[in-house]
Q: 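Questions regarding the structure given below will be posed in turn.
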Amino acid sequence: MESYPEASADSQTLSPGVCRGPNPELRKLLGFKVYKRRWFVLLVLCLLNCSNATLWLTFAPVADQSATFLSVSLEEINWLSLVFMVVAIPLSFGTTWMLDTLGLRITLILGAWLNMLGALLRYMGTPLYKGFTFHYSIVMLGQTLAALAQPLIIFTPTKVAALWFPEHQRATANMIASMSNPLGVLLANIISPMMVEAPNKIPALLLAYAVPTCIICFLATVGIRSSAPPTPPSASAESSGSEPYVQGIKLLLRNKAYLILLLCFGSGMAVFTCFSTLLEQILCVQGYADDFAGLCGALFIVFGIIGAGALGLYVDKTKKFIEATKINMSFTALSCIAFSVVSLMPQQKAAVAVVCALFGLFGFSIYPVAMELSVECSYPVGEATSAGLVFVSGQVQSVLYIILLQALTKRISAPLATCGDAVLSWKVPMLVLAGICTLFTCCFLIFFDTRYRRLEAEEEATYGTKQSSKSSSSEDAPSVEA
């Protein structure tokens, strides 16, 4: 058991509040501490997030082989991925309550166990002997258990950042944890095609994905000993999740800035989901092969992770959440417009690849910063509640956008197409998607403005003065005592 932080080698004194570089005497008096264990908690969360993403997209890159092996249609294989989206929407509200009420430790451990059980059950669903006919149902049940784990894991980064990290590391910690999910998506798109050269390799693939989940579950169960450190790393961490769940929801619904962020950034998340889901179908019409579509998807994710890392470090130092989000959303809208044009042109591989890379660089980098911004503009509502509802908004809009875009397609004859028998025109859907992205970006640029409530609360609690970190011409929420 660790000793009290003043006598513990596992702790470091840090500067609370938003002012930079207070003198050493002030640091001593204030006594906020950080613990080296925070990096272990962050590591477990990253591993969980990455592992869950690989379970989500295990079958998508090898859909034909999976359908052959499990003796089902491609539509049924698609549902092995879609179940994550279906389950996440209704479960999200319970997850936000659990994180803010029962705590981080219980939520993460439960997520780790569901993730592991789902992975093992998928492997058990592979035919063990000739004539075994119920395997698809068992695999789907395993996917459903993993889908139940997704909200428990993906809602956690802002909570970990708030409870374990000081104010000058929160955006970076959130960025690292959040970007582990697209890293898992990238790994699934690389590992699945690499291992499955033939349908009979599916069991080996499922076993390869199941083994890491057991190790991660062990690390979470044994290694995470508390939801929060013995002493808080910042003033706001002392009151993290202090608002009751129902009261927090009411405060969010009266918070103008938060509602704008909920709608506009949720739309941005939906645009990225549509891009990731439909990329291969859009490019094949102009004769681009599946491997090139995979390369574009990889560039989208890799440059997104790079952009998120750079922006996270910048925002941690400058605290310019609003400026960073608005600038990047503007470039994201421009990238979306560019993609809607170049994706309709044949033999333009370089242009398509560059636009996909820029789309990821500007778009993906917004995610962790926007999640932190949702906490800043809604404080003292719990971090899981404010960030979680943004995720729910993105999931709901994703479903609506995909249905809309597919409804706008029409069958065409395209001699260069590599899509097989069903060739669809994506010209109108892509222009509509670019228009939606531009519309919500303009709404965010014009109407969004807020104070950094959490930083103000930390400053007031630390120094007894309240210096507004962001002037707000419009009161975006009712006054709430921090």
Q: Are K319 and Y452 in a cation-pi contact, defined as NZ or CZ under 6.0 Å from the six-membered ring centre and within 45° of the axis?
A: no
Q: Looking at the rings of F155 and F391, which for Trp means the six-membered one, are their centres under 6.0 Å apart?
A: yes
Q: Counting heavy atoms not belonging to F440, are there more than 12 under 6.0 Å from its CZ?
A: yes
Q: Under the salt bridge (charged side-chain N to carboxylate O under 4.0 Å, His left out) definition, can you give me all pairs with a residue in residues 357-373, not counting sequence neighbours?
A: E372-R454
Q: From L104 CG over to I109 CD1, what is the distance, rounded to the nearest 0.5 angstrom?
A: 9.5 Å
Q: So that I know where these two stand, are F300 and F364 an aromatic pair - ring centroids less than 6.0 Å apart?
A: yes
Q: Quick check, are the ring centers of F275 and F339 under 6.0 angstrom apart?
A: yes
Q: Check the angle between the aromatic planes of F265 and Y367 and answer parallel, tilted or perpendicular using the 30° and 60° thresholds.
A: tilted
Q: Looking only at non-hydrogen atoms, find the nearest pair between I153 and G111 and report the distance.
A: CD1-O, 4.3 Å
Q: Output side-chain donor-acceptor pairs under 3.5 Å for residues 197-211, partner residues at least two apart or in another chain, one line each.
A:
from, atom 1, to, atom 2, distance (Å)
Y209, OH, S192, OG, 3.0

Q: Under 6.0 Å from the CH2 atom of W56, do we count more than 12 heavy atoms belonging to anything else shown?
A: no
Q: The criterion is side-chain hydrogen bond (donor to acceptor under 3.5 Å, both in side chains); which residues satisfy it with S178, sequence neighbours excluded?
A: N174
